[in-house]
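Working notes, structure below.
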Amino acid sequence: MSIETREALTGAARTIETIGVQIGSVRVLIDVDPPLAARLRKRYLEFVVPHPGADVSPRMRLTSLVHGGTHGSRALAFVPRLRLEVLDDDRIRVVGDCQASLDLSAGSGVLEAGDGFTGMDSLVRLSLSLLTPADGWILFHGAAVELASGGWALLLGRSGAGKSTAARAFVSYCDEMVLARPEGGGAEAASTPYWNGRPRRAPCRVVVCLERSEAPALTTLTGCEAIRSLSAHVVRYVPRDAADRTLFERLCAVAARVPVVLVRSASGDSYPTSLGHALESSGFAPRWNAAPRLQGGLS
Amino acid sequence: MSVPLDDHVRRTTKAAWQELDGETVLLVSAEAKLLGLNAVAGRIWQLADGTRSLAAIAETLEREFAGGGSAVRDDALSFVDRLVARGLMERCNP
């Protein structure tokens, strides 16, 4: 959908496109210039809702006042330096490389300055972290990989813990952030667009906390240790005391329903194999990615 | 200051808690801490609902954890004192 607006001060015509994005149960509408719209479509791929319009009831509408395209030199991996200022329960300011504001009660956000692509992507991430808890989700730093027996294993870990390497070796649906929530007698997981994610939901069969170590080991975590490990990987850009107890109860509910294991592995070429064997030994064999891959380059 | 044996004690709302894998897990939001209580500590936590005196709690523990010897009672009283000092338990009227 595209509409034409006019700049208030200059009267210049400006075309705005609206993109709908759905992640888990959160829908976001994004109003941006066509060049930025094209980049965001590539970013969110299958998470883009085909026909944003009357049939979509967004939880958040994000508008970019940044126009004229984006900084072409900025790579996808550009990580903006941002700081959040919590004004009150509903309003948050983003300052740093991008300037933006988010109003939860109004369900709207505005990107005012900075790089359009990274600014809007940051607003979507922030919206995701703030809106998904209302639907019972926990947002984790983690990857979702498919198990040979069906369902997913969530691989949680800090940057460098081996999530992305594992996500390439196994059939995966996202490898940076993943959603999980207690559901019935088990747990449900949903993928996010980050990185190269594909929108899927599946039963979560096991949660695996990854750590690098020269002394490989697999330990089943229980009680406080399980909650401590899970909580270390929760994505919360804006900590809220009032939400702490709900999050705690949710983490306990997930840990009560699915096993939580800690896998320590050494880095190196054999890492995916050793991780796969460790998971297999605990009864959660991952489905290996059979897609052909080139080691090195074409040249 | 030790809690008198005749006083009733109860959990405060400073900590959220859940039972998980036979362990009592406490979240103390103000301290951003997760605490795990072992079986004896968890039982004290459960019993401290304001309906029992500290003496009654100690007697229950002595009975249920008889294998722990005479130290069970002293350890329990000391544990309650520490939780009261930390604001996680409080004295209350029956």
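Numbers restart at 1 for each chain; the letters A, B, ... are given by sequence-line order, proteins then strands. Computed over heavy atoms, backbone and side chain alike; hydrogens, waters and symmetry mates excluded.
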I'd like to know if the side chain of D21(B) and the backbone of E23(B) have a donor-acceptor N/O pair within less than 3.5 Å.
no
Given heavy-atom pairs under 4.5 angstrom as the criterion, report whether the side chain, backbone, both or neither of A15(B) touches chain A.
backbone
Test side-chain contact (heavy atoms from CB on, under 4.5 Å) applied to L139(A) and I23(A), V178(A), V234(A), V235(A), the passing residue
V235(A)
For chain B, find its close neighbours in residues 208-233 of chain A: heavy-atom separation under 4.5 Å, sorted by number, or none.
T222(A), G223(A), C224(A), I227(A), R228(A), S231(A)
Chain A contact via L37(B) - which portion, at a heavy-atom distance below 4.5 Å
neither
Mind telling me whether W45(B) and W17(B) have parallel, tilted or perpendicular rings, with 30° and 60° as the class edges?
perpendicular
4.5 Å side-chain heavy-atom contact, V95(A) and E85(A)
yes
Determine yes or no for a side-chain-to-main-chain donor-acceptor pair under 3.5 angstrom, with N38(B) supplying the side chain and V40(B) the backbone.
yes
Would you say S172(A)'s side chain and C174(A)'s backbone share a donor-acceptor pair under 3.5 angstrom?
no
Do W137(A) and S25(A) touch side chain to side chain, with heavy atoms closer than 4.5 Å?
yes
